[in-house]
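Because the structure is a prediction, the values reported are computed rather than measured. Computation of the quantities below employed the complete heavy-atom set of this structure, encompassing side-chain atoms and omitting hydrogens, waters and symmetry-equivalent molecules.
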Amino acid sequence: MQTQGPWSRTEIDDYLQTARFPMRLACHAADDFPRIVSLWYLWQDSTLLCVTHRNAALVRQLTRDARVGFEIATNDAPYYGVRGTARAQLMPLGDSDLLERLILRYLGSTDSALAQWLLSRRAEEMLIRLAPRTLSSWDYRARMQR
């Protein structure tokens, strides 16, 4: 995997492991215009893991063209984050505990109405696996705090 930017590979891994920003995933739609979708993710074994419903437009888009770009970054100054490129692999979620892990990561518990609704659809969910080809970091915190 090719990396560039001010952060080392270890710093990129640490950031992707701890950041709680949803990933912005760019893909191509049938009309050949790009689409951006926000997804919860988990960084595991140098792979980004996400979940989406099997009937989501995103599944159709990734089935048609698996090439994606992604960004995991702050929305507020000072700006920093990681972006990259990958090919998406889709597979049924099956008995994976990924959905629960994502809910715990982003919601803190599985007790909310949203968490319960998401879990009730588990059998209809797809796992999206992104093995990045490139990772690029940027960090404007020092420059923007002057």
Non-hydrogen atoms of [X] and [Y] that approach each other most closely:
X      : Y      : result
Thr74  : Tyr15  : N-OH, 4.3 Å
Ala123 : Arg54  : O-NH1, 3.8 Å
Ser109 : Ala115 : O-CB, 3.9 Å
Ser120 : Trp117 : OG-O, 2.6 Å
Pro132 : Ala86  : CA-CB, 3.8 Å
Asp65  : Arg67  : OD2-NH2, 2.8 Å

Checklist entry - Do Tyr41 and Arg105 have side-chain N/O donor and acceptor atoms under 3.5 Å apart? => result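 Tyr41 vs Arg105: donor-acceptor pair found between side chains.
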Item to check | Polar contact flag, side-chain donor to acceptor under 3.5 angstrom, Gln44-Arg101 | outcome: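 Short answer, yes.
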State the [atom1]-[atom2] distance between [X] and [Y], to the nearest 0.5 angstrom.
X      : Y      : atom1 : atom2 : result
Met23  : Leu42  : CE    : CG    : 10.5 Å
Leu62  : Cys27  : CG    : SG    : 5.0 Å
Leu90  : Arg129 : CG    : CZ    : 11.0 Å
Ile128 : Leu49  : CD1   : CG    : 10.0 Å
Ser8   : Asp14  : OG    : CG    : 7.5 Å
Arg24  : Ser38  : CZ    : OG    : 6.5 Å

Do [X] and [Y] make a side-chain contact, defined as non-hydrogen atoms from C-beta onward lying under 4.5 Å apart?
X      : Y      : result
Leu119 : Leu99  : yes
Phe21  : Tyr106 : no
His53  : Glu125 : yes
Val51  : Leu118 : no
Leu130 : Leu25  : yes
Gln61  : Arg35  : yes
Met1   : Thr134 : no
Tyr79  : Trp138 : yes

Is [Y] reachable from [X] through a run of I, L, V, M, F, W or Y residues, each pair having side-chain heavy atoms under 4.5 Å apart?
X      : Y      : value
Met91  : Trp40  : yes
Leu114 : Ile103 : yes
Leu107 : Leu98  : yes
Phe33  : Leu58  : no
Ile36  : Val82  : no

Next on the checklist: Does Glu124, at its CD atom, have more than 12 non-hydrogen atoms belonging to other residues, nucleotides or ligands within less than 6.0 Å?
Outcome noted: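 Yes, because the 6.0 Å sphere around CD of Glu124 holds more than 12 heavy atoms from other groups.
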Next on the checklist: Tell me if the CG atom of Asp95 is crowded by more than 12 foreign heavy atoms within 6.0 Å.
Outcome noted: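 For Asp95, atom CG is not crowded (no more than 12 foreign heavy atoms under 6.0 Å).
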Next on the checklist: Please evaluate residues Ile72 and Leu16 with respect to the criterion side chain to side chain contact (heavy atoms under 4.5 Å, CB included), reporting the C-alpha separation (whole Å), side-chain torsions for both, the decisive distance (0.1 Å), and the verdict.
Outcome noted: CA-CA 8 Å; Ile72 299 163; Leu16 293 174; 3.5 Å; yes
Item to check | Trp7 six-ring centre to Arg9 NZ/CZ under 6.0 Å and within 45° of normal | outcome: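 No, a cation-pi geometry is absent between Arg9 and Trp7.
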Item to check | Side chain Arg133, main chain Ala131, donor-acceptor under 3.5 Å | outcome: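 Such a contact is absent between Arg133 side chain and Ala131 backbone.
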Checklist entry - For the side chain of Thr47 and the backbone of Asp45, is there at least one donor-acceptor N/O pair under 3.5 Å apart? => result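 Side chain of Thr47 to backbone of Asp45: a pair is present.
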